[in-house]
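The sequence lines fix the lettering, A, B, ..., with proteins before strands; numbering per chain opens at 1.
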Amino acid sequence: MRLLLLIPIPYSLLPVSMRYSQKGMATPVNKIAAAGQGSQQGFVYLPLIAGWLVPGAGHFLLRKWGRGALIATSILGMFVLGIAMHGKLYSNVSDVLDVLGLAGDLGNGMLFILSRVFGLGADQVQVTTADYGTRFIVVAGLLNVIAAVDAHNLRTGRKA
Amino acid sequence: MFRPSHFLAVVLFALFASVIFGVTMRDTPPKMLRYGIYCFVRFVGSAIALSWLMFLIAR
């Protein structure tokens, strides 16, 4: 049976028992199809972009007020605490780890841009709490990307 | 300047991350709450367990 799996067989020719099962997924397939039918009008990527630029905005656009408020509060809280701890905002990248840090920071969207404009955040980490703050800012950006992708999935009907 | 203890920083980090994980990874509010609490406990619990492990190794 294992050798059989190595041979390229068209999916439609596979017996039903060997086909990919979607049982146990977070959102049942029939619900995804039903949700997708009515949600394909307009610019599909708007919640994704809005959610990236302003934390929670993607969910607010989709009228998911509770989820949007929780996301906005969490991302904003984490970012503000990071700044309050004198966390570093990456700007001049010199090595690979700095590039990864900058990628995480960019996930904050407008928060990162506004913080750079107003000169918030430290240029160098000098105390331990500033190191915590740097991680808070990077992780806030990464979580914001997850939230923006979630808004996109809601928009396309992949998630209920 | 805000100077939290290491433990407070862990708790705050776990709280915010768990909220986002709960909201984005589950469909319904009860499941979101349950998954958020699960993530929070796992975050803080693993931090405490690793702290004890490092303490015992360092002795």
Side-chain angles (χ1 to χ4, degrees), chain A residues 25-28 31-32 35 51 55-56 58-59 64-87 107 122 126-154 158-160, chain B:
Chain A
M25 284 177 63
T27 306
K31 280 190 183 175
I32 293 170
H59 287 77
K64 302 278 184 188
W65 307 110
R67 296 184 197 189
L70 282 170
I71 287 167
T73 308
S74 298
I75 303 290
L76 201 63
M78 213 166 183
F79 187 84
V80 168
L81 283 177
I83 293 291
M85 285 187 241
H86 284 197
Q126 291 175 332
V127 289
T128 315
T129 46
D131 197 33
Y132 303 160
T134 306
R135 304 299 155 234
F136 267 58
I137 294 168
V138 170
V139 173
L142 297 174
L143 291 173
N144 191 38
V145 171
I146 292 175
V149 171
D150 183 64
H152 178 65
N153 286 338
L154 286 166
R158 259 182 234 155
K159 188 185 172 193
Chain B
M1 184 181 178
F2 178 53
R3 286 173 177 272
S5 66
H6 200 162
F7 183 70
L8 180 60
V10 165
V11 170
L12 288 170
F13 183 97
L15 179 71
F16 292 130
S18 302
V19 168
I20 300 295
F21 283 168
V23 169
T24 56
M25 303 292 171
R26 292 293 181 270
D27 286 341
T28 58
K31 285 181 182 172
M32 287 177 189
L33 181 67
R34 217 175 304 148
Y35 189 67
I37 292 169
Y38 170 78
C39 287
F40 181 79
V41 170
R42 290 293 289 258
F43 268 128
V44 178
S46 57
I48 292 170
L50 285 171
S51 304
W52 273 105
L53 183 68
M54 285 187 279
F55 171 73
L56 293 172
I57 289 170
R59 285 185 76 186

Give me the one residue out of I83(A), V80(A), L81(A) that meets side chain to side chain contact (heavy atoms under 4.5 Å, CB included) with F2(B).
L81(A)
Euclidean distance, H6(B) NE2 relative to T128(A) OG1, rounded to 0.5 Å
9.0 Å
Carefully, step by step, assess I20(B) and M78(A) under the rule side chain to side chain contact (heavy atoms under 4.5 Å, CB included).
CA-CA 11 Å; I20(B) 300 295; M78(A) 213 166 183; over 6 Å; no
Closest heavy-atom pair and its distance - V19(B), S74(A)
CG1-OG, 3.1 Å
Heavy atoms, side chains only, cut-off 4.5 Å: are L70(A) and M32(B) in contact?
no
Would you indicate whether the side-chain heavy atoms of L143(A) and F21(B) approach each other to under 4.5 Å?
yes
Of all the heavy-atom pairs spanning R67(A) and D27(B), show the shortest one and how long it is.
NH2-O, 3.0 Å
For F136(A) and L12(B), run side chain to side chain contact (heavy atoms under 4.5 Å, CB included): C-alpha distance rounded to whole Å, both residues' side-chain angles, the deciding distance at 0.1 Å, then the answer.
CA-CA 9 Å; F136(A) 267 58; L12(B) 288 170; 4.1 Å; yes
How close do A9(B) and Y132(A) get, counting heavy atoms only, and between which atoms?
CB-CD1, 3.9 Å
So, for M1(B) and V127(A), which heavy atoms are closest and what is the spacing to 0.1 Å?
CE-CG2, 3.4 Å
Rounded to the nearest 0.5 Å, the CE atom of M85(A) sits from the CZ atom of R3(B) at a distance of 11.5 Å
Cut-off 4.5 Å, heavy atoms of chain B, and the answer for V149(A) is neither
